[in-house]
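Structure first, then comments.
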Protein chains: 2
Amino acid sequence: MSLRREYKTKQKELILDCVKRTQSTHSSAEQLLAHLRNSGEDIGLATLYRNLNRLVLEGVVVKYPGLGKNSASYQYIGKPEEHSRHYHLICLNCGKLVHLDCDKVEGFAEHIRATHEFTLDFKKTVFYGRCNSCVQVEAQSLRSADD
Amino acid sequence: MSLRREYKTKQKELILDCVKRTQSTHSSAEQLLAHLRNSGEDIGLATLYRNLNRLVLEGVVVKYPGLGKNSASYQYIGKPEEHSRHYHLICLNCGKLVHLDCDKVEGFAEHIRATHEFTLDFKKTVFYGRCNSCVQVEAQSLRSADD
DNA sequence: TTGCGTGCAAAGGTTTTGCATGGCA
DNA sequence: TGCCATGCAAAACCTTTGCACGCAA
């Protein structure tokens, strides 16, 4: 039963920094890699995936399985201790992340537990939809274009 | 700009039938294929994928990108006109899928839209958590074992 | 010095695509 | 008879894994 010590490496820090900096929009592994390259840092793809998986396990990063295309997206949501009892809203169009801090949510979760016998996990649950500005943009393009 | 006529084929009907019959639990392409084989029908994998994609486009089937493993799951939700706004609860422990048909949900969604300027997409949003039986089992194992 | 982390390349698995053939209309 | 749909196999794709080397502690 060996204790697994964790080493602090340059790559690990770069990756964490990168997802923190891009937290307003979820990014694919490839996009994150590009970001890093723009900063002059090159990191192996395998290393990136390994670290992302670790961060997901730690709970500070959320993984969204291939929404638009096929590749998964990753997004920094902060340390578990810090994002207590709030949920996340993600815009399917622009990728914007919104923190939902609201009393109503607690009431809703309680209702689900009491009536539907299901305990929501606010760390894992992400609400998808459209933010207001994207709803408006889409409504507009529906009016102008038609197919 | 050619009109694209759609043909009615045996495979198409079989696939639609299959997703309809299995709508209580979302299934991967491989699982659907197995279902079909059990009924004595063999269909090409490519055909299955092509038709599933078409059904997703039509809006009668929802695709959940690789939740547990890597493969995506598909689920029949009915014609857009027919499926009322219900959400899905998925147990993180046993994988059980629960349909959440509830007035409170509508009220909640409306609150999100009005107050938080965000329109929920009930096709894409999945609530994760634990079903009651799994909560109980886990509580029990916490008592007996400790790690 | 120990052994975890990295990078590369290869493997793994899922989904898509090209092409010849089959079948609906 | 047109041409869409199918089936097969190959390709494309994303992600994981094996292995040797580098590097943190």
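Everything quoted here is computed from the prediction, not taken from an experiment.
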How many angstroms lie between [atom1] in [X] and [atom2] in [Y], if you round to the nearest 0.5 Å?
X	Y	atom1	atom2	answer
A:Leu33	A:Asn38	CG	CG	10.0 Å
B:Phe118	B:Arg113	CZ	CZ	12.0 Å
A:Asn51	A:Glu58	CG	CD	9.0 Å

Rounding to a whole Å, what distance do you find between [X]:[atom1] and [N]:[atom2]?
X	N	atom1	atom2	result
A:Tyr7	D:dA24	OH	C1'	6 Å
B:Leu57	C:dT16	CG	P	12 Å
A:Tyr49	D:dC14	OH	P	7 Å
A:Glu13	C:dT6	CD	P	11 Å
A:Leu52	C:dG5	CG	C1'	15 Å
A:Leu14	D:dC23	CG	C1'	15 Å
B:Lys8	D:dC3	NZ	C1'	19 Å
B:Glu30	C:dT15	CD	P	9 Å

Determine which bases of DNA chain C form Watson-Crick or G-U wobble pairs with both distances under 3.5 Å, and write the result as a 5' to 3' dot-bracket string with | for other-strand partners.
-> |||||||||||||||||||||||||
Between the protein and nucleotides 6-8 of chain D, list every N/O to N/O distance that falls short of 3.5 Å.
from	atom 1	to	atom 2	distance (Å)
D:dT6	OP1	B:Thr9	OG1	2.8
D:dT6	OP2	B:Asn51	ND2	3.3
D:dT6	O3'	B:Gln11	NE2	2.9
D:dG7	OP1	B:Gln11	NE2	3.0
D:dG7	OP2	B:Gly44	N	3.0
D:dG7	OP2	B:Thr47	OG1	2.7
D:dG7	N7	B:Arg50	NH2	2.9
D:dG7	O6	B:Arg50	NH2	3.2

Report yes if some heavy atom in the side chain of A:Cys102 is under 4.5 Å from a heavy atom in the side chain of B:His116; otherwise report no.
->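 Answer yes - side chains close enough.
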If you check the B:Arg5 side chain, which of D:dT16, D:dC3, C:dT2 turns out closest?
->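 Within the option list, the nearest is D:dC3.
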Identify, with sequence neighbours excluded, every residue that meets side-chain hydrogen bond (donor to acceptor under 3.5 Å, both in side chains) alongside A:Thr115.
->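 For A:Thr115, the residues satisfying side-chain hydrogen bond (donor to acceptor under 3.5 Å, both in side chains) (neighbours in sequence not counted) are A:His111.
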By side-chain hydrogen bond (donor to acceptor under 3.5 Å, both in side chains) - contacts of B:Glu117 (at least two apart) |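 With neighbours one apart ignored, the set is empty.
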Considering residues at least two apart in sequence or located in another chain, which fulfil the side chain to side chain contact (heavy atoms under 4.5 Å, CB included) criterion with B:Ser27?
->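 With sequence neighbours excluded, B:Ser27 shows a side chain to side chain contact (heavy atoms under 4.5 Å, CB included) to B:Thr22, B:Thr25, B:Gln31, B:Leu32, given in chain and number order.
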Using a heavy-atom cut-off of under 4.0 Å over every strand shown, decide if A:Glu6 touches base, sugar-phosphate, or nothing.
->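 Touches sugar-phosphate only.
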OP1 or OP2 of D:dT16 less than 4.0 angstrom from a side-chain nitrogen or oxygen of A:Asn53, does that happen here?
->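 A:Asn53 to D:dT16 OP1/OP2: side-chain N or O found under 4.0 Å.
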Scan for side chain to side chain donor-acceptor pair (under 3.5 Å) pairs involving residues 39-50 of chain B, sequence neighbours excluded, and state none if there are none.
->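 Counting only pairs at least two positions apart or across chains, the side chain to side chain donor-acceptor pair (under 3.5 Å) contacts touching residues 39-50 of chain B are B:Arg37-B:Asp42.
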Using residues 8-21 of chain A as the side-chain source, report each donor-acceptor pair under 3.5 Å to any protein atom, sequence neighbours left out, with the distance given to one decimal.
from	atom 1	to	atom 2	distance (Å)
A:Thr9	OG1	A:Lys12	N	3.2
A:Lys12	NZ	A:Tyr7	O	2.7

